[in-house]
Amino acid sequence: SNMLRIGCSAFIIGEVGAAKTSQVETYIPEIGLQNRIITFQDTQELHIDDFLAHGYRISDVRIQNPDHLEKQIRAFLRAGQSYWLVTEVRAPESVRSVLGAAVRQGTQPVIASFHARDKQEAFSLISNIMSLPSETFKHIDVIVSTARFQTPQGIIRRVIEISEVGKEWKDTPEYVEIFMDDRRSDSLVLANLLEGPKKLIRQWSSMDVSRIDLKSYRKIDFLPPERGGSSQIPRLCRKLGMEQRELLLSILAEAKVKSTLLLAAQRSGNTEYLELPFVTKAYARYFTILRKESDQISAFEKWRKCLPEL
């Protein structure tokens, strides 16, 4: 979520029924109320009216006429920074227009869902079926892979991998696996993101991080690119003029925010803690406090204390 808010682009891939569109929707609160969002759909899949009712700045584009779409894209680019969300548009020429325009613009973030079984199939979709230059794939920063599983309790849907797309390859894409699926524990675990005490990293990988002191961020670091870690992290920090430790603390503080909401829902049995109205208010309050505070640690503590008021 931090990388998307900074302006990174992402593909959400998976087979039919893997909840790709639902995953795209979860990113709208992460993008935030303050940012403009353009959605490209050929059928109604995203719950646009619900988001509009809670203050999100969304323009919904129904893709029908490719020529008219080109005019709309040019108008959106002239209007300034926004996030483009593409949800499994069935006409390849329309997706080609959207992605092609984003790549030409250079800094236009795109979050798109595609029916692809794996990263290689996603690359083939872009370079072969859509006939876009293979360099187009480098515009994508992160690939989120989804899947569904049949269990004794029924069908479950999960994010099974989050990978960073490298920028230095020529013919074959290179990736860094940031999170990987652990089917035994039914969880997404850190792979090549952090280094430090293994026990502490395992704790930060869990869904419940409520007992972890945020000050423990001083004991861990991002795994450097030369040792298989993210190359996107250093690049983003240079772009934003911030230290990597500052970004690390920001990521961990937001992990605490999300974990707090999840635990509140579990302990109270009230799922409203995880639904759009409350999540929108909770995120807005956190970032309002953060703008006034000197650091994320004090901001999180103030947010946690005012949570019952929401």
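The model shown is predicted, which means the values in this text are computed figures rather than measured ones.
- Every residue was checked against the ring pair (Phe, Tyr, Trp, His ring centres under 6.0 Å) condition with Y27, not counting sequence neighbours, and none meets it.
- The closest side-chain donor-acceptor pair between S216 and W204 falls under 3.5 angstrom.
- Q41 and D60 form a side-chain donor-acceptor contact under 3.5 Å, judged by distance and modelled atom types alone.
- A search for salt bridge (Lys or Arg N to Asp or Glu O under 4.0 Å) contacts involving E272 returns nothing, not counting sequence neighbours.
- Here the shortest heavy-atom pairing between R183 and D186 reads NH2-OD1, 2.7 Å.
- Identified under the ring-ring contact (aromatic ring centres under 6.0 Å, His included) test for residues 228-279, with sequence neighbours left out: Y273-F278.
- Every residue two or more places apart in sequence or in another chain was checked for a salt bridge (Lys or Arg N to Asp or Glu O under 4.0 Å) with R202, and none qualifies.
- Judged by distance alone, the side chains of E15 and H115 never bring a donor and an acceptor atom under 3.5 Å apart.
- Cluster partners of F149, by chain and number: I156, I160. The rule joins Ile, Leu, Val, Met, Phe, Trp and Tyr whenever side-chain heavy atoms lie under 4.5 Å apart.
- Between the side chains of S210 and D208, at least one donor-acceptor pair of N or O atoms lies under 3.5 Å.
- Checked for salt-bridge contact, E254 and R5 meet the test: a charged N lies under 4.0 Å from a carboxylate O.
- For K281, the salt bridge (Lys or Arg N to Asp or Glu O under 4.0 Å) test picks out no residue, with sequence neighbours left out.
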